[in-house]
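Owing to the predicted nature of the structure, the values given are computational and were not obtained by experimental measurement. Chain letters run A, B, ... following the sequence lines, proteins first, then strands; residues in each count from 1.
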Amino acid sequence: MAKDFPKRSENYSEWYNELVVRADLAEQSAVRGCMVIKPYGYAIWEKMQHQLDKMFKETGHQNAYFPLFIPKSFLSREAEHVEGFAKECAVVTHHRLMNDPNGKGVVVDPAAKLEEELIVRPTSETIIWSTYKNWIKSYRDLPILCNQWANVVRWEMRTRMFLRTAEFLWQEGHTAHATREEAEAETRRMLDVYAEFAEKYMAVPVLKGHKSPNERFAGALDTLCIEAMMQDGKALQAGTSHFLGQNFAKAFEVQFLNKENKLEYVWATSWGVSTRLMGALIMTHSDDNGLVLPPHLAPIHVAIVPICKSDEQQRQLDEHIAPIVKALEAKGLVVKYDNRPEYKPGWKFNEQEMRGIPLRIEIGPKDIENGQCVIASRWNGEKVIVPLDKLEETVYAKLEEAREGMYNKALENMNNRTYSCETIDEINKALEEKGDGFIKAMWCGDEACEDEVKEKTGVGSRCIPFMQERKAGNCVCCGKPADKYVIWGRQY
RNA sequence: CGGGGUGUAGCGCAGUUGGCUAGCGCGCCACGUUCGGGACGUGGAGGCCGGAAGUUCGAGUCUUCUCACCCCGACCA
């Protein structure tokens, strides 16, 4: 058992915060709402980036980079967009500091006021579409399939590490198309990429669907999302893909000549996932002993701990284990041989478990004699004795077992915490008796009903799944005929 | 942004109605004994008590302001 480590059942928030710090993923910085992502946490993010980047390129996208700063006037070009974003932005007003005339440090030089303020990007649609205007003249210039890896700033009121920070890292894809159909297909294609990434690499099951109009991205005609369920039953929006229609093309006057020599506005999409995925990863799999990582995203796959009683034994073990490490590394695995003498094996076990290393191999003098070792799996705590000549294949089998087992466990939690409800009373009853979860209920599509459900139950509409299990019924709120089966829930 | 809470060593905390040299546990450093689930002994280093102003002979302790973090909401990736 991890010492002084909070249990999920006692205080889920405290457990989460403590885990982020103790697993060495991140810590609070000196800047309000901003975190420092530590090397181990960043290594996990890099693995995510690497895989996603590969998938983006496989679907024909290229990386580019656009400015951090956006002229203030750009934000107001698209009416809904400014409504959704303008209130939570950091603004640059000056470009120079000067020595304080009173002798204390530096102050903003009032003479260096910018003619037009610059906004630190909360998202890049506006700066990118102002650029695309120059890139697009003809249907031959389309489609443009760009992605950028970047940081963005949103001045959030309440921050939580990885889940909501004032500055966060993400990728944002911005594509331009000649037809509505092509843009809609792109929107869906990228959502599918996100879903595949979540399920295959993060071992996180997700629901795919539409956001309700109320929950849409500011300026989008349709927002697709993947929603994941955390262990406490709350929903986490893991990725979004927006069909932007011609809104931004019109706002930035981006037109092209089609084959018939007619001027048309360009169709747009944007899609993104952020470091919030780290939060999803943590809250989906981890336990009261710390982080649990799926093998595909673990910076270290296998930790090897030698068990010995003397320096002489240590030397012998080092000799025996060196070729084992080499053999596993030759298979592409990252192996950490932890022979630090200053820590006892039990201490190392706990540290490795806190950091979520998928497999641990224990080898002592007796094991060498018997030609065997112990393999312990992080995700389920299972320990098995394995002959050394079967080690490589067993390691592979155990890693695959972990990926599949973690996914199934998460899926089971999601299923167990999904409740079908017909009325608002039933929603409240389900939440009270079984705790947070996904509420499945029919909705008539009226925004007033959506608001009323939120007000009376605390759960909001999270997702209108593509897979509609029910085609018709009565609205959970007003009782009128309804044709949308909606997932409701509390969200992070 | 509304309500509540917390800031004292790297971490977790104690510090009485204001009083003299600010303590404890863990961790850290040195040496020795240990090592199959967070070992132990001895010695040692480490502090503008979140920041600023004020009250006072005297402030970790009282007052005001400010900053940051945590929790519950509202908002969002």
Side-chain angles (χ1 to χ4, degrees), chain A residues 1-6 11-14 16-18 20-22 27-35 83-85 87-89 104 122-123 150-172 194 211 214-218 223 225-228 235-242 270-280 289-290 305-311 313-314 317 338-354 360-367 372-374 376 381 383 385 451 454-455 458 460 490-492:
Chain A
M1 258 310 139
K3 246 190 211 166
D4 308 319
F5 187 59
N11 189 338
Y12 198 79
S13 299
E14 195 190 338
Y16 175 82
N17 288 327
E18 192 71 17
V20 167
V21 172
R22 303 221 344 202
E27 63 189 31
Q28 290 296 341
S29 72
V31 185
R32 194 209 95 104
C34 298
M35 64 177 171
E83 183 63 25
F85 279 103
K87 292 162 195 157
E88 49 182 19
C89 290
K104 286 192 174 172
T123 179
N151 57 339
V152 288
V153 169
R154 296 181 190 175
W155 215 259
E156 300 290 349
M157 292 304 156
R158 185 181 167 200
T159 61
R160 303 190 64 184
M161 285 198 280
F162 290 117
L163 298 174
R164 196 189 304 103
T165 44
E167 178 192 12
F168 59 94
L169 305 183
W170 76 345
Q171 63 61 221
E172 46 182 329
Y194 289 155
K211 283 288 181 190
N214 214 7
E215 300 280 328
R216 258 179 214 149
F217 176 76
T223 289
C225 61
I226 50 170
E227 293 286 326
L236 190 140
Q237 182 176 307
T240 47
S241 183
H242 315 291
S270 70
W271 28 273
V273 295
S274 71
T275 34
R276 174 180 275 186
L277 288 179
M278 295 282 292
N289 290 326
V305 179
I307 315 289
C308 54
K309 297 191 195 306
S310 67
D311 290 354
Q313 273 186 358
Q314 177 76 261
L317 281 170
D338 188 355
N339 62 351
R340 291 175 295 177
E342 62 268 32
Y343 296 107
K344 290 178 65 179
W347 194 94
K348 293 174 185 173
F349 297 169
N350 281 285
E351 188 197 41
Q352 290 157 1
E353 281 166 13
M354 184 58 73
R360 177 182 71 241
I361 298 178
E362 304 168 23
I363 303 182
K366 285 179 209 156
D367 295 316
Q372 65 181 38
C373 66
V374 174
K383 271 190 182 189
I385 294 172
D451 292 343
K454 172 94 197 224
E455 198 181 307
R490 242 184 280 275
Q491 73 167 334
Y492 275 101

What's the spacing between [X] [atom1] and [Y] [atom2] if we round to 0.5 Å?
| X | Y | atom1 | atom2 | value |
| --- | --- | --- | --- | --- |
| A/Met354 | A/Phe5 | CE | CZ | 4.5 Å |
| A/Gln237 | A/Tyr492 | CD | OH | 15.0 Å |
| A/Glu27 | A/Arg22 | CD | CZ | 15.0 Å |
| A/Arg340 | A/Glu351 | CZ | CD | 4.5 Å |
| A/Ser274 | A/Leu163 | OG | CG | 9.0 Å |
| A/Lys344 | A/Asn350 | NZ | CG | 11.5 Å |

Could you work out the separation of [N] and [M] based on their [atom1] atoms and round it to a whole Å?
| N | M | atom1 | result |
| --- | --- | --- | --- |
| B/U16 | B/U8 | P | 16 Å |
| B/U56 | B/U17 | C1' | 16 Å |
| B/C71 | B/A52 | P | 28 Å |
| B/G27 | B/G12 | P | 15 Å |
| B/U64 | B/C75 | C1' | 32 Å |
| B/A9 | B/G25 | C1' | 12 Å |
| B/C69 | B/G38 | P | 37 Å |
| B/G15 | B/G60 | C1' | 8 Å |

Strictly below 4.0 Å: does [X] bring a side-chain N or O up to OP1 or OP2 of [N]?
| X | N | answer |
| --- | --- | --- |
| A/Gln352 | B/G37 | no |
| A/Lys344 | B/A39 | yes |
| A/Asn17 | B/C71 | yes |

Shortest non-hydrogen separation from [X] to [Y] and the atoms involved:
| X | Y | result |
| --- | --- | --- |
| A/Ile361 | A/Cys373 | CG2-SG, 3.7 Å |
| A/Phe217 | A/Ser270 | CE2-OG, 4.4 Å |
| A/Tyr343 | A/Lys348 | O-CE, 3.4 Å |
| A/Ala280 | A/Leu236 | CB-CD2, 3.8 Å |

The residue, A/Trp347 or A/Tyr492, whose nearest nucleotide of RNA chain B is more 5′ is A/Trp347
Per nearest nucleotide of RNA chain B, the residue lying toward the 5' end, A/Asp367 or A/Arg276, is A/Asp367
Under 4.0 Å, heavy atoms only, any strand: does [X] hit a base, just the sugar-phosphate, or nothing?
| X | result |
| --- | --- |
| A/Glu353 | base |
| A/Gln237 | sugar-phosphate |
| A/Gly272 | nothing |
| A/Val374 | base |
| A/Thr165 | base |
| A/Gln491 | base |

State whether A/Phe349 and A/Arg360 meet the cation-pi test: NZ (Lys) or CZ (Arg) under 6.0 Å from the six-membered ring centroid, and within 45° of the perpendicular axis.
yes
If pairs are Watson-Crick or G-U with both distances under 3.5 Å, what is the dot-bracket string of RNA chain B, marking crossing pairs with [ ] and pairs to another strand with |?
(((((((..((((.....[...)))).((((((.....)))))).....(((((..]....))))))))))))....
Write down the distance between [atom1] ([X]) and [atom2] ([N]), rounded to a whole number of angstrom.
| X | N | atom1 | atom2 | answer |
| --- | --- | --- | --- | --- |
| A/Lys348 | B/U34 | NZ | C1' | 13 Å |
| A/Arg360 | B/G38 | CZ | P | 12 Å |
| A/Glu14 | B/G12 | CD | P | 11 Å |
| A/Glu362 | B/G37 | CD | P | 8 Å |
| A/Glu342 | B/C28 | CD | P | 9 Å |
| A/Glu455 | B/C75 | CD | C1' | 16 Å |
| A/Glu27 | B/C70 | CD | C1' | 17 Å |
| A/Asn350 | B/C26 | CG | P | 18 Å |

Below 3.5 Å, does any donor atom in the side chain of A/Lys383 face an acceptor in the base of B/G37, or the other way round?
yes
Quick check for you: among B/C69, B/G38, B/C76, whose closest atom lies nearest to any side-chain atom of A/Glu351?
B/G38
With a centroid cutoff of 5.5 Å and a plane-angle limit of 30°, would you call A/Phe168 stacked on B/A77?
yes
Check: A/Thr123 and A/Arg154 side chains under 4.5 Å, non-hydrogen atoms:
yes
Under 3.5 Å, which N/O atoms of the protein pair with N/O atoms of nucleotides 72-74 of chain B?
from, atom 1, to, atom 2, distance (Å)
B/C72, OP1, A/Ser13, OG, 3.4
B/C72, OP2, A/Arg158, NH2, 2.4

